[in-house]
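Taking it in order: structure first as structure tokens, then the write-up.
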Amino acid sequence: MLRGRQAVVLTGAGLSTDSGIPDYRGEGAPQRTPMTFQTFASNERARKRYWAGSHLGWRHFRAAQPNMGHTSLMRLEASGVFSGIITQNVDGLHARAGSRHVVELHGSMDRVICLVCGQAFGRDSVAERLEDANPSLRTPEAVRIAPDGDVDVDDIDGFTIPACTVCGGMLKPNVVFFGELVPTERFTAAQSLVQAAEAFVIAGSSLAVNSGIRLLEQARRRKLPIIVINRGATKGDGRAVLKLDAGTSETLAGLADRLC
């Protein structure tokens with residue numbers, strides 16, 4: 001179905017599990033209540049808890065390395081099999097693997113933005129300010145990581161949140177929180193990839209998030225061959241020409257060996 005066609009791939013958290021970043025919805029995943037944008041913006045205590053946990057999670061994200069699935073997608077893109085990668089992940093592993101045309105639907109944990117003036121900052125610089133203001137972050141105890149880079153933190157009394165150095169406004173990691181919409185220009189870039197594609201591959205996503213379903217529907221309306229690679233059921237299984245209930249890393253590696 002892919003030989004002789006130029007495809008686009010949508011990736012989800014299942015692709016990064018082999019890099020040590022767990023999946024929210026995979027088998028055995030713990031039940032979580034993720035931070036919503038409304039809570040983050042309106043509740044200072046919740047915001048402190050998020051920043052404390054997110055910082056410790058960011059350390060884990062930085063230590064993660066691209067796995068065989070990421071490098072296989074890089075090979076498939078470099079060979080022209082895939083015109084680009086649309087990802088729901090915020091870990092930045094596609095770019096670190098060498099992929100060049102990546103649309104990060106939900107943003108990336110390596111950037112921070114000011115909600116007031118829009119100034120962007122590198123996550124490393126904000127992390128340094130966090131640790132300077134909260135020295136206990138430099139010696140954290142073992143924590144449990146979540147796919148969005150958050151962890152559980154119990155003691156947040158006295159925690160200091162850095163402010164924007166330009167206007168003093170509220171800072172937020174440049175990721176789409178629950179309750180937020182994917183920025184229009186980012187979703188338009190993803191739609192353009194699907195519009196130009198001749199096949200649509202979904203790798204490691206259960207398609208529980210609306211943005212993925214909208215792209216799937218665009219591919220279905222264009223009558224593109226739809227291939228789903230995921231352990232467990234997804235919302236796209238009924239619309240797929242082929243569903244592979246298998247790990248993404250080994251499946252993409254086998255695909256790259258055959259097509260590259």
Side-chain angles (χ1 to χ4, degrees), residues 1-19 21 64-108 110-111 182-207 209 211-231 234 236-237 239-260:
M1 284 183 283
L2 293 179
R3 194 179 300 279
R5 287 188 170 107
Q6 191 170 68
V8 65
V9 60
L10 171 70
T11 68
L15 182 67
S16 293
T17 53
D18 287 343
S19 294
I21 299 175
Q65 296 297 318
N67 62 52
M68 184 169 56
H70 296 103
T71 56
S72 297
L73 283 176
M74 179 272 294
R75 291 174 57 202
L76 287 159
E77 182 193 15
S79 298
V81 179
F82 287 139
S83 58
I85 298 166
I86 306 166
T87 186
Q88 297 172 316
N89 299 335
V90 298
D91 49 41
L93 291 177
H94 283 300
R96 287 169 59 190
S99 291
R100 295 188 176 184
H101 195 177
V102 182
V103 177
E104 295 174 317
L105 273 183
H106 299 157
S108 177
D110 65 359
R111 294 183 295 276
V182 174
T184 300
E185 67 279 4
R186 209 178 293 161
F187 194 75
T188 299
Q191 286 181 310
S192 296
L193 279 174
V194 178
Q195 184 63 32
E198 298 171 306
F200 188 58
V201 178
I202 298 160
S205 174
S206 63
L207 295 172
V209 179
S211 56
I213 289 292
R214 289 173 63 190
L215 294 171
L216 172 66
E217 275 301 295
Q218 181 182 348
R220 185 190 64 80
R221 288 194 300 270
R222 293 195 58 233
K223 296 181 169 48
L224 300 184
I226 296 170
I227 300 167
V228 175
I229 307 164
N230 192 68
R231 289 198 187 281
T234 83
D237 291 355
R239 283 164 275 193
V241 175
L242 175 65
K243 162 64 186 293
L244 296 176
D245 197 324
T248 54
S249 294
E250 56 266 36
T251 303
L252 291 170
L255 192 61
D257 287 343
R258 286 165 173 77
L259 295 178
C260 294

Are side-chain heavy atoms of N67 and T248 found at a separation under 4.5 Å?
no
Can you tell me how far apart OG1 (T11) and CD1 (I85) are? Round to the nearest 0.5 Å.
7.0 Å
Would you confirm whether T87, through its side chain, and N89, through its main-chain N or O, come within 3.5 Å as a donor-acceptor pair?
yes
Between A190 and I86 the two heavy atoms that sit nearest each other are O-CD1, 3.6 Å
Is there a side-chain contact between R231 and D245 in this structure, where contact means two heavy atoms from C-beta onward sitting under 4.5 Å apart?
yes
Start with the C-alpha gap between L207 and N230, add the side-chain angles, then the distance that decides, and say whether side chain to side chain contact (heavy atoms under 4.5 Å, CB included) holds.
CA-CA 10 Å; L207 295 172; N230 192 68; over 6 Å; no
Test side chain to side chain contact (heavy atoms under 4.5 Å, CB included) applied to A197 - qualifying residues, sequence neighbours left out:
V8, L224
Could you check if a side-chain atom of I226 sits within less than 4.5 angstrom of a side-chain atom of L216, using non-hydrogen atoms only?
yes
With sequence neighbours excluded, give me every ring pair (Phe, Tyr, Trp, His ring centres under 6.0 Å) pair touching residues 67-103.
H70-H94
For a quick test of reading the model, state the closest non-hydrogen atom pair linking S249 to G69 and the distance between them.
OG-N, 3.6 Å
Main-chain N/O of Q191 paired to R214 side chain as donor or acceptor, under 3.5 Å:
no
Side chain proximity check, L259 to R3, heavy atoms < 4.5 angstrom
yes
Show your working on side chain to side chain contact (heavy atoms under 4.5 Å, CB included) between L252 and M68 and close with a plain yes or no.
CA-CA 8 Å; L252 291 170; M68 184 169 56; over 6 Å; no
Write down the atom of A203, the atom of V9, and the distance for their closest heavy-atom approach.
CB-CG2, 4.2 Å
Work out which heavy atom in T234 is nearest to a heavy atom in S205; give both atom names and the distance.
CG2-O, 3.4 Å
State, to 0.1 Å, how close L193 and S83 come at their nearest heavy-atom pair, and which atoms those are.
CD2-OG, 3.9 Å
Tell me if the CZ atom of R100 is crowded by more than 12 foreign heavy atoms within 6.0 Å.
no
Does L93 reach the side chain of L15, with side-chain heavy atoms less than 4.5 Å apart?
no
Restricting to side chain to side chain contact (heavy atoms under 4.5 Å, CB included), what partner residues turn up for R111, sequence neighbours left out?
E104, S108, N174
Does the side chain to side chain contact (heavy atoms under 4.5 Å, CB included) test come out yes or no for L255 and V81, once each step is laid out?
CA-CA 10 Å; L255 192 61; V81 179; over 6 Å; no
If you look at every heavy atom in S211 and Q88, which pair is closest and at what distance?
OG-NE2, 4.1 Å
Verify, without hydrogens or angle tests, whether T17 (side chain) and G14 (backbone) share a donor-acceptor contact under 3.5 angstrom.
yes
Output for pair (T251 OG1, I227 CD1), nearest 0.5 Å, gives 11.5 Å
When rounded to the nearest 0.5 angstrom, what is the spacing between CD1 in I21 and OG in S16?
5.0 Å
Is it the case that the side chain of R75 and the backbone of T71 share a donor-acceptor pair, with hydrogens and angles ignored and the cut-off at 3.5 Å?
no
Do R239 and E217 have side chains that get closer than 4.5 Å, going by heavy atoms?
yes
Any donor-acceptor N/O pair, R222 side chain to Q195 backbone, under 3.5 Å:
yes
